[in-house]
Amino acid sequence: EDSNEEERMKKQASSSKSSQKVCLCFHGFSQNGLVFRQRTGSIRTKTLKREYEFVFLDAPHRVDGVFDVDDVNDEKNIEKRENEETMRSGWLAGENVSSGATKAKDGSWIRPAKSTKIVRLEETVALIENALKEHEGRVRALVGFSQGATLIGILKRVKPELFENVRRVVSVAGFDPLDARFYEKDGFVIDVPSMHVHGKNDALVTRDRSDRLRDKFYNKEKSVVFEHEGGHGVPTSREFREAFEKFLLMIPDGEGKDE
């Protein structure tokens with residue numbers, strides 16, 4: 001009987017999960033899904049977890065060892081380089097591919113955020129397409145950090161149909177891509193409510209780059225900006241936690257369902 005009861009509870013949990021909305025989460029350069037899950041732990045409240053299944057994707061490109069352990073140019077040394085063996089990236093800088101530079105200390109290496117030749121995006125798009133298929137139209141929100149936030153904007157230009165069921169987007173420390181190809185379809189903007197999060201002390205992404213991402217890739221009239229006192233990271237203050245929760249819970253019943 002105990003085994004039957006356990007099986008029944010598992011089925012209930014599975015059924016409940018399959019009816020939840022899904023929030024796909026995209027990590028930043030040299031992070032991975034696990035790191036981003038850890039960095040957002042305090043803002044994914046119990047209330048949000050009842051409404052959403054948060055799914056953290058691992059970008060396909062490994063960039064292991066791109067930063068030395070003592071490289072302090074990255075925010076808080078990005079978790080002291082925890083999970084260093086699985087540093088990942090959503091795209092590669094074409095300049096680095098051409099020069100062969102693989103580490104930040106290489107003289108010709110440039111940060112992907114400053115690349116004007118974004119390459120190897122195809123694998124990432126395929127990964128996201130598979131995730132959307134796996135969750136059968138339940139994806140209602142997207143959350144991205146840094147490169148992951150920029151990726152959401154680029155995705156709208158290269159695969160606009162992937163946004164069919166998306167109803168909310170949160171862009172944390174996102175920046176405008178510098179590759180001119182992604183400005184050839186200016187009409188393709190993300191036309192759902194969006195929240196753009198920026199730290200006043202962000203040494204990697206300036207406010208003007210964050211604003212350009214919003215202005216060029218989103219419907220500005222449906223956007224809100226949350227500015228905080230921190231740097232290049234996900235804020236953990238109660239103020240942001242409450243704002244994040246309220247924003248993702250704003251989706252009315254029935255909104256986003258196929259007609």
Decide yes or no on salt bridge (Lys or Arg N to Asp or Glu O under 4.0 Å) for Lys133 and Glu136, but give the supporting numbers first.
-> CA-CA 5 Å; Lys133 289 177 183 176; Glu136 300 175 351; over 6 Å; no

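- Counting only distance, with no hydrogens or angles, the side chain of Lys222 and the backbone of Asp191 share a donor-acceptor pair below 3.5 Å.
- Within the 4.5 Å cutoff, the side chain of Thr40 has no heavy atoms near those of the Cys25 side chain.
- Of the charged side-chain nitrogens involved, none lies within less than 4.0 Å of a carboxylate oxygen, so that Glu245 and Arg44 do not count as a salt-bridged pair.
- For the pair Tyr52 and Gln20, the minimum side-chain heavy-atom distance is 4.5 Å or more.
- A 4.5 Å side-chain heavy-atom check between Phe217 and Pro177 finds at least one atom pair inside the cut-off.
- Under the 3.5 Å distance criterion, the side-chain polar atoms of Arg209 are matched with a main-chain donor or acceptor of Ala113.
- The aromatic rings of Phe145 and His232 are tilted relative to each other, their planes meeting at an angle between 30° and 60°.
- Applying the salt bridge (charged side-chain N to carboxylate O under 4.0 Å, His left out) test to Glu184 and every residue at least two apart in sequence or in another chain returns nothing.
- Under the 3.5 Å distance criterion, the side-chain polar atoms of Ser115 are left unmatched by any main-chain donor or acceptor of Pro112.
- For the atom pair CG of Leu121 and CG of Leu151, the computed distance is 6.5 Å after rounding to the nearest 0.5 Å.
- Side-chain contact check for Thr116 versus Glu95: some heavy-atom pair is nearer than 4.5 Å.
- The aromatic rings of Tyr218 and His196 lie perpendicular to each other, with more than 60° between the two planes, well past the 30° mark.
- Using a 4.5 Å cut-off on side-chain heavy atoms (C-beta onward), Thr150 and Trp91 make contact.
- With rounding to the nearest 0.5 angstrom, the CG atom of Leu142 is 8.0 Å from the CG atom of Leu155.
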Given side-chain contact (heavy atoms from CB on, under 4.5 Å), test Val55 with Val139 step by step and report yes or no.
-> CA-CA 10 Å; Val55 176; Val139 177; over 6 Å; no

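- Of the possible polar contacts, none joining the Asp106 side chain to the Ser108 backbone as a donor-acceptor pair under 3.5 Å is found.
- Seen from the ring of Phe163, Lys156 counts as a face-on cation partner, given the 6.0 Å and 45° thresholds.
- Considering only heavy atoms from C-beta on, Glu161 comes within 4.5 Å of Lys159 through its side chain.
- Remark: the backbone N or O of Phe67 is not paired with any side-chain donor or acceptor of Lys103 at under 3.5 angstrom.
- Here the straight-line distance linking atom NZ of Lys114 with atom CG of Leu178 works out to 9.5 Å at 0.5 Å rounding.
- Under the 3.5 Å distance criterion, the side-chain polar atoms of Arg62 are left unmatched by any main-chain donor or acceptor of Ala59.
- In this structure, the side chain of His228 does not engage the main chain of Val197 through any donor-acceptor pair within 3.5 Å.
- With hydrogens and angles ignored, the 3.5 Å screen pairs a side-chain donor or acceptor of Thr45 with a backbone N or O of Leu48.
- Open room surrounds CD on Glu221; 12 or fewer heavy atoms of other groups in view lie less than 6.0 Å from it.
- For the ring-ring contact (aromatic ring centres under 6.0 Å, His included) criterion with Phe36, the lone passing option out of Phe26, Phe54, Phe56 is Phe56.
- No cation-pi contact links Arg212 to Phe175, judged by a cut-off of 6.0 Å to the six-membered ring centre and 45° from its axis.
- In summary, Glu53 and Lys21 do not engage in a salt bridge, as defined by a charged side-chain N under 4.0 Å from a carboxylate O.
- Scored by the side-chain hydrogen bond (donor to acceptor under 3.5 Å, both in side chains) test, Lys49 finds no partners at all (sequence neighbours excluded).
- The shortest heavy-atom contact between Val119 and Ala93 is CG2-C, 4.2 Å.
- Two residues are said to be in side-chain contact when any heavy atoms from C-beta on lie closer than 4.5 Å; Leu34 and Asp58 fail this criterion.
- Contact check for Val225 versus Met195: no side-chain heavy atoms found under the 4.5 Å cut-off.
- Between the Asn96 side chain and the Ala101 main chain, no donor and acceptor come within less than 3.5 Å of each other.
- Listed for the Gln31 side chain is a donor-acceptor partner under 3.5 Å among the backbone atoms of Gly28.
- A distance of 11.5 Å separates CG in Asp64 from OG in Ser89, rounded to the nearest 0.5 Å.
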